[in-house]
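First the structure, in the form of structure tokens, and then the observations on it.
Every chain is numbered from 1 and lettered A, B, ... according to where its sequence line falls, protein lines coming before strand lines. These numbers were taken from a predicted model, which means no experiment stands behind them. Any value given below was found using the heavy atoms of this structure, including those in side chains, with hydrogens, waters and symmetry copies removed.
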Number of protein chains: 2
Amino acid sequence: METVTENQEVTMTKKLEKMFGHLDYKNPPELCPVRDVMSVASDQWSILILLWLGYFPVLRFNKLKKYVYGISNKVLSQRLKVLEADGYISRKAYAEVPIRVEYSLTDFGKNYVKRLLSLAEWMQENSPKVLANREKYGLV
Amino acid sequence: METVTENQEVTMTKKLEKMFGHLDYKNPPELCPVRDVMSVASDQWSILILLWLGYFPVLRFNKLKKYVYGISNKVLSQRLKVLEADGYISRKAYAEVPIRVEYSLTDFGKNYVKRLLSLAEWMQENSPKVLANREKYGLV
DNA sequence: CCGGATCCCAGGGGATACTG
DNA sequence: CAGTATCCCCTGGGATCCGG
């Protein structure tokens, strides 16, 4: 088990101090855009979409739907729109018959996926631990 | 604008390849616990709860409710339960009158918050960019 | 045949009141 | 004080349909 040292804890607190100027509860939500931005980028479907787009440079709508297992047309379409609006992905439509639409990460999106990836890796390594905990806790 | 180099992109793909054995769409959901575990830990309320608990070593229910601005009793209570079950936080109840309950991060939770923090910092730095993008895109 | 818009419903979540 | 219980609403999301 990787433990957190005193030093790391101090560093962590400093970082948190720095950001909590923005996350401060005394600020009305409109002064705290981080929450808003983060809620889009940390949405469970968005994460999967972004990770798959990090793996395949270009994906079409129905391929994405296949990979992001269980997502519905509506949700996929809506998430893609928001992710495009926020600058993570770009959408390219070709006027063919039948129409072809290609989605890919922007440079900005790639930067984000790098971070996301670090989180996802940690999740992967630790999910057995979490599941064991959950079992032991007995929450159904 | 921080750009992604070729090298970084190759590294990223390798990492993704490594994890996509688990995230593979051909696996039924029950063989892919990462998604499940991640959906808890990346929930927008859970993130805020964990970050605040990273800042204050110990917080009581009503303090948390104050800091995690806008959360309802029901959701806070439910998220705390799940986060405890998954091993991120611990709950300590004191048999006083009135009752006192203290929440804090476990070592496991601290490790996770470190990762979360890196993501949150990136969000903070880049949220202006995202908001500008959103505006330009004209999505209401 | 592909991308996405529409319809419609269950249930997640907000507000409030209440109890150990 | 720390939650739970109740009510009700509203939106997230699944199934279905449609335009190009």
Next item on the list: In whole angstrom, give the distance that lies between atom CD of B:Q78 and atom C1' of C:dG14.
Entry: 14 Å

Note to self: Does a side-chain N or O of B:R91 approach OP1 or OP2 of D:dA2 to a distance below 4.0 Å, or not?
What the structure shows: no

Note to self: Taking the nucleotide of DNA chain D with the nearest heavy atom to each, does A:K65 or B:V101 sit closer to the 5' end?
What the structure shows: B:V101

Notebook entry, point to check: Out of curiosity, B:F56 CZ to B:L64 CG, how far, rounded to the nearest 0.5 Å?
Noted result: 10.0 Å

Next item on the list: Looking only at side-chain atoms of B:K74, point me to the closest of C:dC7, D:dG20, C:dG13.
Entry: C:dG13

Margin query: Please report whether the ring centroid of A:F108 lies less than 6.0 Å from that of A:Y88.
Written below: yes

Next item on the list: Would you kindly compare A:V97 and A:V75 by the position of their nearest DNA chain D nucleotide and give the one closer to the 5′ end?
Entry: A:V75

Next item on the list: Among the candidates D:dG13, C:dG14, C:dC2, find the nucleotide nearest to the side-chain atoms of A:P98.
Entry: C:dC2

Next item on the list: Would you kindly give the CZ-to-P distance between A:R60 and C:dC1, to the nearest whole Å?
Entry: 13 Å

Next item on the list: Round to the nearest Å and state the distance from B:R79 atom CZ to D:dG3 atom P.
Entry: 16 Å

Next item on the list: Starting at atom NZ of B:K92, determine the distance to atom P of D:dG3, rounded to an integer number of angstrom.
Entry: 15 Å

Next item on the list: Considering just the side-chain nitrogens and oxygens of B:N62, establish if one lies under 4.0 Å of OP1 or OP2 belonging to D:dA2.
Entry: yes

Checklist line | N/O (side chain, A:K81) to phosphate O (OP1/OP2, C:dG3) under 4.0 Å | finding: no

Next item on the list: Measure from OH on A:Y94 to C1' on C:dC1 and round the result to the nearest Å.
Entry: 19 Å

Item checked: Salt-bridge criterion met for B:R100 and B:E102 (N-O under 4.0 Å) -> yes

Next item on the list: Starting at atom CD of A:E102, determine the distance to atom P of C:dC2, rounded to an integer number of angstrom.
Entry: 14 Å

Notebook entry, point to check: B:I99 side chain: which of C:dC1, C:dG20, D:dG13 is closest?
Noted result: C:dG20

Notebook entry, point to check: Does a nitrogen or oxygen in the side chain of B:Y103 sit under 4.0 Å from OP1 or OP2 of D:dC1?
Noted result: no

Checklist line | salt bridge (charged side-chain N to carboxylate O under 4.0 Å, His left out) between A:K129 and B:D86, worked out | finding: CA-CA 8 Å; A:K129 208 176 294 175; B:D86 280 13; over 6 Å; no

Note to self: Nearest to the A:N73 side chain among D:dT16, D:dA2, C:dC2, which nucleotide is it?
What the structure shows: D:dT16

Margin query: Just the rounded figure in Å: distance from P of C:dA15 to CG of B:L76.
Written below: 14 Å

Next item on the list: Provide the closest heavy-atom pair for B:S39 versus A:Q44 in the form atom of the first, atom of the second, distance.
Entry: CB-OE1, 3.7 Å

Note to self: By nearest heavy atom, map A:R100 and B:S72 onto DNA chain C; which one lands nearer the 5' end?
What the structure shows: A:R100

Notebook entry, point to check: Is the phosphate of D:dT4, meaning OP1 or OP2, less than 4.0 Å from a side-chain N or O of B:S77?
Noted result: yes

Notebook entry, point to check: A:L48 has an atom CG; how far is it from atom P of D:dG13, in whole Å?
Noted result: 12 Å

